[in-house]
Amino acid sequence: MLTRALDTLLDRAVVPGYSRVGYVVRRRWWDDDPTPGQLDGHTVAVTGANSGLGKATAVGAARLGAAVRLLCRDTSRGEQARAEILADLPEASVVVDECDLSSLKSVTAVAARLRDELPSLHALVHNAGVLPPDRTETAEGHELTVATHVLGPHLLTSELGPVLTADRDARVVFVSSGGMYTQPLRIDDPEFQLGDYDGTVSYARTKRMQVVLAQLWAQHLPGVAVHAMHPGWASTPGITDSLPRFARVVGPILRNADEGADTAVWLTAADWPGATTGLFWHDRRPRPRNYLPFTRHTPDDAQRLWDYCAVSTRL
Ligand SMILES: NC(=O)c1ccc[n+]([C@@H]2O[C@H](COP(=O)([O-])OP(=O)(O)OC[C@H]3O[C@@H](n4cnc5c(N)ncnc54)[C@H](OP(=O)(O)O)[C@@H]3O)[C@@H](O)[C@H]2O)c1
C-alpha cells in the first residue's frame with residue numbers, strides 16, 4: 001500500500017518519477033525480472049534499434065534469449081549496433097533489416113521480408129522516433145513525425161498481424177513519451193497543417209496518437225497484447241541532439257539507456273502485460289493516460305484516428 005502511494009507520488013511529481021530516482025526507487029519493489037532464456041525460440045523486432053533506447057531494448061530482449069531483428073533506416077549504423085551487441089552477447093541471433101519507418105513503401109517491404117522469413121513474431125517494439133525542428137514532409141507527402149510515430153507503426157502492425165497472431169503470446173509495444181500528457185488527440189489536424197509548426201508540440205501530439213493507437217490495435221488484434229509505454233528521461237543521442245538544453249539541465253539525473261528501455265523489454269516478456277492489453281505503462285506499472293482534462297478524447301475521435309491511419313497507409 002505504502003509502495004503504491006510512493007509510486008503514485010513519484011509519477012505525479014514528474015521530475016523524480018521520470019528521472020533515475022524513479023527507476024531506482026521503484027525497482028526495489030518490482031516483481032522478479034524475466035529470466036534469461038525466457039524468450040528462447042522467439043523473435044523480437046525493434047524499430048530504430050541502432051541507437052539509444054532501441055538498441056538497449058534489442059540487447060535486453062537478446063539477453064532473455066530472443067532472436068532480434070534490428071529495423072534501421074541506415075543499415076551501416078544497424079550493422080555497427082549489431083557488432084556491438086554481438087561483442088557483448090556472442091551467442092545472440094541479431095539480424096539487421098533496412099526499414100525507414102517514415103516511408104510506407106519501406107515498411108511494406110520489410111514486413112513482407114519478415115513474413116517470408118519468420119513462422120511467428122513474438123514482439124514488435126515501435127521505438128523509432130524523431131523530433132524535427134521544422135515541418136518536414138516525407139516523399140509520400142506526410143508530415144515527418146506523424147509518418148514515423150503513427151503511420152509507419154500502424155502499417156507495420158497491420159502487415160505483421162499474421163506472424164504476430166501465429167505466436168500464442170505475442171506483444172506489440174509503442175514507445176511513447178511522457179510529453180504526450182501535454183497534448184490532446186488533434187485528429188482535426190493530424191499532420192500539423194494549421195498554425196505555426198512547433199517540433200516539440202508535433203512530437204508530443206504524435207506520441208499521444210501512439211497511446212490511442214495502441215488501445216485501438218488492442219481491440220483489432222485479439223490474442224496479441226498491445227501496449228504503449230513511456231521511458232521517463234534517459235540519456236540517449238535523441239535527447240542530447242534534439243533537446244540539448246534539456247539534456248544539460250537534467251543531465252545528472254537522467255536514466256541510462258538500459259534503465260529507459262527496461263519497461264519496453266519487460267513488456268515483451270513478463271506475464272502480467274501478456275495477460276492484459278491496451279494499457280499505458282511506465283516503470284512496470286499501468287499509468288493514467290490523462291492528467292489534464294483538455295487532453296481527453298471521445299470514442300469518436302479515436303475512431304477518426306483509426307480511419308485516418310487506414311486511409312493514409314493505403315499505397
Ligand atoms: N530518451 C528519452 O528520454 C525518451 C523519452 C521519451 C520518449 N523517448 C522515445 O524513445 C524512442 C527512442 O528514442 P531515443 O531517445 O533512444 O533516441 P535516439 O537515440 O535518437 O534513437 C532514435 C532511433 O530512431 C531511429 N529513427 C528515426 N527515424 C527513423 C525512421 N524514419 N526509420 C527508422 N528509424 C528511425 C534513429 O535512427 P538514426 O540513427 O538513423 O537516426 C534511432 O535509431 C523514441 O520514440 C523517443 O520518442 C525517449
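Below, all heavy atoms of this structure are taken into account, side chains as well, without hydrogens, waters or symmetry copies. The structure presented is a predicted model; accordingly, all values stated were derived computationally and were not measured. Atoms within a ligand are numbered from 1 in the order they appear, just like the ligands themselves.
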Original post:
When you look at His154 and Trp306, which way does the ring-ring contact (aromatic ring centres under 6.0 Å, His included) test go after all the steps?
Top reply: CA-CA 9 Å; His154 178 79; Trp306 185 260; 5.0 Å; yes
Subject >> Ser202 and Tyr197: side chain donor to acceptor below 3.5 Å >> reply: yes
**OP:** Answer with yes or no whether the side chains of Asn290 and Thr295 bring together a donor and an acceptor at under 3.5 Å.
**Re:** yes
Original post:
Looking only at side chains, do Tyr308 and Gln303 share a donor and an acceptor under 3.5 Å apart?
Top reply: no
Original post:
Any idea which residues sit under 4.0 Å from ligand 1, heavy-atom distances?
Top reply: Gly48, Asn50, Ser51, Gly52, Leu53, Arg73, Arg77, Cys99, Asp100, Leu101, Ser102, Asn127, Ala128, Gly129, Val130, Thr148, Val175, Ser176, Ser177, Tyr203, Lys207, Pro231, Gly232, Trp233, Ala234, Thr236, Pro237, Gly238, Ile239
**OP:** Output all residues satisfying salt bridge (charged side-chain N to carboxylate O under 4.0 Å, His left out) with Asp74, sequence neighbours left out; order by chain, then residue number.
**Re:** Arg77
Original post:
Under a 4.0 Å N-O cut-off, is there an ion pair linking Asp88 with Arg63?
Top reply: yes
